[in-house]
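See below for the structure under consideration.
A note on names: the letters A, B, ... follow the listed sequences, proteins ahead of strands, and every chain is numbered from 1.
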There are 2 protein chains.
Amino acid sequence: MSAAIGRVDTGTAVSAVAKRLLDYLTSGTIEPGTRLPAERQLASSLGIGRSAVREALAALEILGIVDVRPGSGTYLRGSASELLPETLNWGLMLGAPRTKELIAVRSQLEIFAARLAAELMTDAQLHQLGNHIDAMRSNLGDRTRFIEADLKFHLLIAQAADNQVLFDLLQSIRSLLRVWVERGLAREEEAQLALDEHSRVYEALLTRDPNAVEAAMSAHMLTAGHRLERTLLQSTVEGVAG
Amino acid sequence: MSAAIGRVDTGTAVSAVAKRLLDYLTSGTIEPGTRLPAERQLASSLGIGRSAVREALAALEILGIVDVRPGSGTYLRGSASELLPETLNWGLMLGAPRTKELIAVRSQLEIFAARLAAELMTDAQLHQLGNHIDAMRSNLGDRTRFIEADLKFHLLIAQAADNQVLFDLLQSIRSLLRVWVERGLAREEEAQLALDEHSRVYEALLTRDPNAVEAAMSAHMLTAGHRLERTLLQSTVEGVAG
DNA sequence: ATAGATATTTTGGTCCACCAATTCTTTGTA
DNA sequence: TACAAAGAATTGGTGGACCAAAATATCTAT
């Protein structure tokens, strides 16, 4: 098998070694569970050092392609990478926050989630959603609990959307926007408005009509987005004055 | 800086070391372009050997998170756009369920980008978009060039949308779906269909009517999504038969 | 002949010395 | 004093020795 991979030039970047190995492992000719040749053998076949082989294999292990077992060998896993979908979320975390842009993207994703949920939500989930509305209503004067119920409301919708990538993305975005959401709901009148909006989304979900749900969530996102941006602007103004 | 990462236990899997570094690098407190501490220093701070650090950093480099320069140091890369470099077929590692989810999320984001672009696109950008359509038309028989023009078409729309978060997200998603896009355009008839769809999006953008643009991009995404899923399914079936 | 214990071999993991590449500091010259 | 060149220090890259873990082979007892 290692003869089939071919040699690479000494000094080749470890990424190129990884690519060579990956191309071979994803060529479809290797069965999951197969044991790869030993590091020393791979190094010899590829014409590079064992360190480079180890580094390439470490990357493939992190990506979930192979399973490295000390004393035993390296095995092809053949299962889906759990790490790769997370790259979308890393991208959100790199560099300076772009809050206004995040707010816009988040709106679209929340609307999409709601639309999917309109068709997929179970009765039990709908019932639970009602509980979150009740919790928000009961805690108009308690910001922490209100926000918690608010968050659970959105979480449940994203869950009901049955799209893990979407769910994870929304989670990451929410964590980035969390501080602004909390600041935007500082007063009880604002909480009341937010409750009204959530109630409308909930009522639309009860109809299970995707268009109605989309309209209600769009309205909520529009208002919530303005609330967030106002909070952001106030903060900027205070920053200038401060 | 390295003191802020904390120590890890000796014998910790290199994947855990990579995760630790990754969490730190995506914490938002590090500026892109920043030089990380030297490998020897990281090893000391983390309480592990330099080999383990090297292996973890090698993985992060392959993922596009860092840039390792011999003799100079290791640098945090600039942006989300640099994640998942083209050298590897990332999409092959994702698995069918996550890939399908990603296709759905991508559709929504592309539609959103197109809608924004309808209002924001400059005349120069519109003209350039027409050039990409021409390039696609001229290269129906040359898959590599066709796909390159296809990609540039979408890139330009995302750019015109003037939302960096959205742009970066779409970039990462494209990296993850690239291999399936390429395989899905294997035949000239498929390229012709794709060209027709892109032309309709372009014509709608010429009107600058967001609703028309949304409708055209939605239609394109629906067809393209089916094409992608069909390609994915064929690959899965072949894998089983192989 | 078979099962269990022990020894040996093979595998991945770690460490260190040394080399290649780059950066920083010092020295020499105009 | 400013600039260029040389030297030293720092950085990542490589290979080999040795250790830890697991697999395989050999030996012994029944």
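Checked by atom type and distance alone, the side chain of B:E61 never pairs as donor or acceptor with a backbone atom of B:V66 at under 3.5 Å.
A donor and an acceptor atom sit less than 3.5 Å apart, one in the side chain of A:S51 and one in the base of D:dG15.
Taking 4.0 angstrom as the limit, B:S72 places a side-chain polar atom (N or O) nearer than this to OP1 or OP2 of C:dT23.
Put simply, CD on B:E55 is 7 Å from P on C:dG13, counting in whole angstrom units. Atom P of nucleotide D:dT11 and atom CG of B:L36 are separated by 12 Å, given to the nearest angstrom. The distance between atom CD of B:Q41 and atom P of D:dA9, rounded to the nearest whole Å, is 18 Å. B:R54 places its CZ atom 12 Å from the C1' atom of C:dA20, with the value rounded to the nearest Å. At whole-Å resolution of the value, CZ in A:R40 and P in C:dT14 are 14 Å apart. Spacing between atom CD of B:E39 and atom C1' of C:dA20 amounts to 14 Å, rounded to whole angstrom units. For the pair B:R50 CZ and C:dT14 C1', the interatomic distance rounds to 13 Å; values are reported in whole Å. Rounded to whole Å, atom P of D:dG16 lies 14 Å from atom CD1 of A:I48.
Sequence order on DNA chain D of the closest nucleotides to B:G73 and A:G49 puts B:G73 first from the 5' end.
Contact check of residues 58-71 of chain B against DNA chain D (heavy atom, cut-off under 4.0 Å) returns B:V68, B:R69, B:P70, B:G71.
A salt bridge is absent between B:E182 and B:R143: the closest approach of a Lys/Arg side-chain nitrogen to an acidic carboxylate oxygen does not fall below 4.0 angstrom. Contact check on B:R20 versus B:D23 returns no salt bridge, with no Lys/Arg side-chain nitrogen under 4.0 Å from an Asp/Glu carboxylate oxygen. For the pair B:R115 and B:E110, the salt-bridge criterion is not met [side-chain N within less than 4.0 Å of a carboxylate O]. At a threshold of 4.0 Å, the pair B:R227-B:E190 does not count as salt-bridged, since none of the basic side-chain nitrogens sits closer than that to a carboxylate oxygen.
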Every protein N/O within reach of nucleotides 4-6 of chain C N/O, cut-off under 3.5 Å:
none

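Between C:dT11, C:dT14, D:dT11, one nucleotide has an atom nearer to the side chain of B:R35 than all others, and that is D:dT11. The nucleotide whose nearest atom lies closest to any side-chain atom of A:T74 is, among C:dT14, C:dG12, D:dG12, C:dG12.
Using modelled atom types and a 3.5 Å distance limit, the side chains of B:S44 and B:Q41 yield no donor-acceptor pair. A donor-acceptor contact closer than 3.5 angstrom links the side chains of B:H198 and B:H154.
The two residues B:R35 and B:S72 come nearest to each other via the heavy atoms NH1-O, 3.1 Å.
In this view, B:E148 and B:K152 satisfy the salt bridge (charged side-chain N to carboxylate O under 4.0 Å, His left out) rule, not counting sequence neighbours.
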